[in-house]
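Some notes on the structure that comes next.
Quick note on labels: first sequence line is chain A, next is B, and so on, each numbered from 1.
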Amino acid sequence: MPTHQTFHSELDKLNKKLLTMGAMVEDRVRKAVTVIETHDEEIITSIIRSDYQIDDMEVEIEEDCLKILALHQPVASDLRFLITVIKINNEIERIGDMAVNIAKRVNVITQSATDIKSGFDYGEMSEHVINMLRMSLDALVHRDAAMARQIFLIEEKVNEIRNQAYDSVLNMLTKYPEHPGCMISNYLLARHLERIADRATNIAEEVIYLVEGEIVRLHI
Amino acid sequence: MESFLEVTDTVYLSLHQKDTILPDTKGKTLHKERETVGKPFVENPRMTCREVNVYYGEKRAINDVSIDIAHNEVIAMIGPSGCGKSTFLRCLNRMNDTVEGCRVTGDIRLDGMDIHDKSVDVVPLRARIGMVFQKPNPFPKSIFDNIAYGPKIHGLAQNKSELNEIVETSLHKAGLWNEVKDRLQQPGTGLSGGQQQRLCIARAIAVSPEVILMDEPCSALDPIATAKIEELIAELCEQYSIVIVTHSMQQAARVSQRTAYFHLGDLIEVGRTDRVFTNPSHQLTEDYITGRFG
């Protein structure tokens, strides 16, 4: 049936577009956590300036979804796939924004006139967040609900580290009160990383819905 | 044996096609089992069907189908052409009796009464289980007589005023009264297709049925006439049980509370319509409603 072939090839194309966008955003998040350490201005600028590409892709994917919904009225796994794409598309775009926010915060820290630029070591937190994002996208690629569920376990760890970051930055702020802006930016890095982890968790929830047809929500 | 091979081949093919989009089939029933997936039975059913088989000569068209029809529900029967949904529908009011070479076995009951019992007369049975066909088929009589014919032969009206009342009520219930009240003596065949179909529904209602069977009632109608029939179905289910066979899955999704999926004479899955159309349990249902075969 030609209509169905068109429909299924449209779904296939949509799947590929979403995964491409996921890979692009993952790359930006990796770069963003690197600049927390390196303060590389060239990379900071490239993350901030290239965000429009992600925004454009998000709009394109959303338009594709609306078109497919209107023209083909999908049901069952096709319907769940479409709904999942609409939601994950939004999550991925927001993760892209978080990478930009991290780059901006690092920029503020770099420009700051103080010698004490770091309030916390974000190495471990970054590793967890990157891991969560990678796992959520892998779970999406492989339609793997079990892998998606593992992400929930890491989320708790990330929240713990965020709290440690808060205490650490507060301590530094008390010790070196001359440049509060730099320290506040330091804490905001923890917030941005934690938000990426939250959104990776949201992607995992959507993957479980896609695979199993049950809506799940992680409450922490 | 041949049909079994066909089924397994279809599953294999459709799974292969699905790989690109949704490789995971966890939780779905993949192999062909005789047992129907889902919930074919209800508490306090209007009709019960147990191990119903239909043969056309030597060929078995329906295999051991067991299902209940609830009170005040719309149940949709869907499936590819030749899957047996219309054949099964016709079993419910013994319309298959009129088909030469057709044999029905199994137990079908209406309010506990075996419809195949020797004491059962099919004429009053078909008044209790009315039927609306794919193509509107009004009698070549006036609009009034189309409705009045059934109540007259079944002796449901004692006098002319009672008959008038039945005709008016039936036309009201079928949503046709305002359109035809000034031309009741004109021929029913002069109405539009959609109006003719509502006339046929009014005709079925006039003899106070308990169940109304509809065999693709909208397939010859335009979208506006279809919408009117669908609204009518939603209203009628407050009083009657409705079994509708449809090729339009959107229609099944819109009008029914439960959906039954047939495949090669087997009843594969029965469940709440919202569940069947968002998360079907059987791989064959999934493949059919997502257009991966059929």
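In this structure A:Thr45 satisfies the side chain to side chain donor-acceptor pair (under 3.5 Å) test with no other residue, sequence neighbours excluded. Taking the salt bridge (Lys or Arg N to Asp or Glu O under 4.0 Å) definition, one finds that A:Asp97 meets it with A:Arg94, sequence neighbours left out.
When every heavy atom of B:Gly291 is checked against every heavy atom of A:His8, the shortest pair comes out as O-CE1, 3.7 Å. Residues B:Thr290 and A:Phe7 come closest through the heavy atom pair O-CE2, 4.2 Å.
Annotation: B:Glu51, atom CD; neighbour count of heavy atoms from other residues, nucleotides and ligands within 6.0 Å does not exceed 12. Within 6.0 Å of the CD1 atom in B:Ile224, the count of heavy atoms belonging to other residues, nucleotides or ligands does not exceed 12.
Each of A:Glu212, A:Arg80, A:Glu214 was checked for a side-chain hydrogen bond (donor to acceptor under 3.5 Å, both in side chains) with B:Asn279, and the lone residue meeting it is A:Arg80.
In this structure, CD1 in B:Ile289 is found 8.0 Å from OG in A:Ser77, a value given to the nearest 0.5 Å.
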